[in-house]
Amino acid sequence: MTGLEIALGNETIIDFERSEQSKALEMSTLHVNLGPRGYDIVMGAKFADGFGRFAASVLPGRSAFLVSDRNLFAQEHPDRLLASLQAAGFRIGSLELVPGEERKSLESLSVVYDKLADFGADRQTVVIAMGGGVVGDLAGFAAATFNRGLPWIMVPTTLLAMIDSSVGGKVGINHPAGKNLIGAFHQPRAVWIDLEYLSTLGRREFRSGLAEAVKYGMILDEDLFCWLEQNHLNIAKPSHADLEHLVHRCCQIKATIVKRDELDQTGLRAVLNYGHTFAQAFERVAGYGVLLHGEAVAMGMDCAARAAQQLGWIGSDVVQRQRMLLHLLDLPTTYAAEWPLPDLLEAMRHDKKSESGQFRLVLPRRIGHMETNVQVSESLIRQVLSSHTLRAEA
Ligand SMILES: NC(=O)c1ccc[n+]([C@@H]2O[C@H](COP(=O)([O-])OP(=O)(O)OC[C@H]3O[C@@H](n4cnc5c(N)ncnc54)[C@H](O)[C@@H]3O)[C@@H](O)[C@H]2O)c1
Ligand SMILES: [Zn+2]
């Protein structure tokens, strides 16, 4: 078992700075220090007009191909970025995808390749992935593989994408045998976060993103966990300052972990999988697209906490505290009783993180500290899932 503790307070690998350019655009910058693959996460609000200039400063003299989905085009978010790119001298093209997790597929990937080929994309072309985690994972994977790799900029528009999926370079698609089974590591050249996009995001999607924020609190940052407890009412209708604090802190934590274990090799990055082995089984057995990712993660974290309780690692107080916070944020912690236990176990066995059929989990020792790669018995998993079903609200 690998213990993990990162002293974020003394962390120097993430620089919070305001460059002259960022001041002019009223944006803040976090640098993800991955050496030659390092990049800035810039954050602001209502600053789409500056995007073209920003992209040109990162990747001068290029053409730009923007991938987004119908919901975002309906809000005209991509149009503003495209106009700004054009004004900055980019030759532009775009693709509007049908939204939804089930589109993170080989078929959709093939459509992106076709459109990139029609556009005449070459290594001078930057791919702009504008959307939630689905567009980011799909367009990022297309960028990783088309013409042996194109540069890309992620423009996250959901809370989940802003605080999680846009940072760290994991891109990919689903396969019937498993979620995110086909993929690559391909760091973006920049992440551009305009908090204004959250004003058009549905409430359920916004709540889903908060599950990952609770995860960061649980795995590494008790202060963040407490801040979420104290601010849950504000978060339901967040101010710009609340959002900036939340997104900035979460990106800082994610970038810190990614810096330490960019390619998921040392086991450190695995801490981000807290609750996810259960969650991926719930998503799979429910059918992709039925549950939002964050909803499955909320249920998965409740299961993982109860597994830790069974092992005597934490008391019921910690389980209850996490559950209470998830409920305050309007997130579910119980799952539908009709999902058969054998199917869930099978799906957990197929999780690509499980090795030779063993169950390996990330489990809490306390709020803010996890152990990764904890081998647990099938009977413990059965116990956690069965007791969960009995209490299910569905
Ligand atoms: N690569 C990673 O490291 C990583 C990490 C976590 C999650 N993920 C992946 O992310 C995906 C989930 O991402 P998600 O929760 O962002 O869901 P999503 O991408 O499906 O977006 C949710 C919905 O919101 C709509 N939408 C997005 N932004 C909007 C806006 N500003 N206004 C109005 N509507 C908007 C989308 O069209 C979609 O219908 C999953 O596939 C998951 O596997 C990847
Ligand atoms: Zn997740």
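Start at 1 and go down the list; that is how both ligands and their atoms are numbered. Since the structure is predicted, the reported quantities are computational estimates derived from the model, not experimental observations.
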What protein heavy atom sits nearest atom 6 (C) of ligand 1, and how far off is it? Asp164 OD2, 3.5 Å
With no hydrogens and no angle check, just 3.5 Å: does a side-chain donor-acceptor pair link Tyr113 and Thr145? yes
Please determine if Arg91 forms a cation-pi arrangement with Phe119, meaning its NZ or CZ atom is less than 6.0 Å from the six-membered ring centre and no more than 45° off the ring axis. yes
Can you list the ligand 1 atoms lying under 4.0 Å from a non-hydrogen atom of Lys170? 1 (N), 2 (C), 3 (O)
Can you pull out the closest protein heavy atom to atom 4 (C) of ligand 1? Residue, atom name and distance to 0.1 Å, please. Ser165 CB, 3.2 Å
How far is atom 28 (N) of ligand 1 from the closest protein heavy atom, and which atom is that? Thr157 OG1, 2.8 Å
Donor-acceptor pair between His293 and Ser208 side chains, under 3.5 angstrom: no
Less than 4.0 angstrom from a charged side-chain N to a carboxylate O is my criterion; do Arg366 and Glu222 meet it? no
Judged by atom type as modelled, is there a donor-acceptor pair below 3.5 Å linking the side chain of Asp164 to the main-chain atoms of Leu160? no
Heavy atoms only: which of Thr200, Thr158, Val98, Asn71 is nearest to atom 33 (C) of ligand 1? Thr200
Verify the ring-centre separation between Phe141 and His186: is it less than 6.0 angstrom? no
Closer than 4.0 angstrom, basic N to acidic O: yes or no for Glu262 and Arg269? no
Show the atoms of ligand 1 that are less than 4.0 angstrom away from any heavy atom in Leu72. 28 (N), 29 (C), 30 (C), 31 (N)
Does any non-hydrogen side-chain atom of Phe51 lie less than 4.5 Å from one of Val155? yes
Check each of Lys215, Lys254, Arg103, Gln75 against atom 3 (O) of ligand 1 and report the one with the nearest heavy atom. Lys254
Regarding ligand 1, does Val134 bring an N or O atom to under 3.5 Å of one of the ligand's N or O atoms? yes
If you count every protein N, O or S atom closer than 2.8 Å to the Zn ion (ligand 2), you should arrive at 3
Judged by heavy atoms only, the candidate from Glu295, Glu205, Arg70 nearest atom 23 (C) of ligand 1 is Glu205
Around atom 31 (N) of ligand 1, find the nearest protein heavy atom and jot down its residue, atom name and distance. Tyr197 O, 2.9 Å
Heavy atom to atom 37 (O) of ligand 1, shortest distance: which of Asp69, Leu201, Ile163, Leu159 holds it? Asp69
Region of Asn174 that comes within reach of ligand 1 [heavy atoms, distance under 4.0 Å]: neither
Which of the ligand 1 atoms, numbered from 1, are nearer than 4.0 Å to a heavy atom of Pro99: 37 (O), 39 (O)
Determine whether the side chain, the backbone, both or neither of Asp137 has a heavy atom under 4.0 Å from any heavy atom of ligand 1. side chain
Would you say Gly202 and ligand 1 have an N/O pair spaced under 3.5 Å apart? no
Are Asn174 and Glu102 close enough that some pair of their side-chain heavy atoms sits under 4.5 Å apart? no
The closest protein heavy-atom partner of atom 7 (C) of ligand 1 is Leu160 CD2, 3.6 Å
Gln252 and Arg249: side chain donor to acceptor below 3.5 Å: yes
Where Val112 and Ala142 come nearest, the two heavy atoms and their spacing: CG1-CB, 3.6 Å
Would you say the side-chain atoms of His175 and Ser105 include a donor-acceptor pair closer than 3.5 Å? no
Any side chain to side chain donor-acceptor pair (under 3.5 Å) involving residues 61-71? Give me the pairs, sequence neighbours left out, ordered by first then second residue. Ser63-Thr125
Identity and distance of the protein heavy atom lying nearest atom 42 (C) of ligand 1: Lys179 NZ, 3.5 Å
To the nearest 0.1 Å, how far is atom 41 (O) of ligand 1 from its closest protein heavy atom, and which atom is that? Glu101 OE1, 2.6 Å
Do Asn180 and Lys104 get their side chains close enough for a donor-acceptor pair, meaning under 3.5 Å? yes
For atom 14 (P) of ligand 1, the protein heavy atom that lies nearest, with its residue and separation: Gly133 N, 3.5 Å
So for Asn180 against ligand 1, with non-hydrogen atoms under 4.0 Å, the contacting part is side chain
For Leu198 and Leu159 the tightest heavy-atom approach is CD2-N, 3.5 Å
Ignoring hydrogens and geometry, is there a side-chain-to-backbone donor-acceptor pair from Tyr216 to Ile163 under 3.5 Å? yes
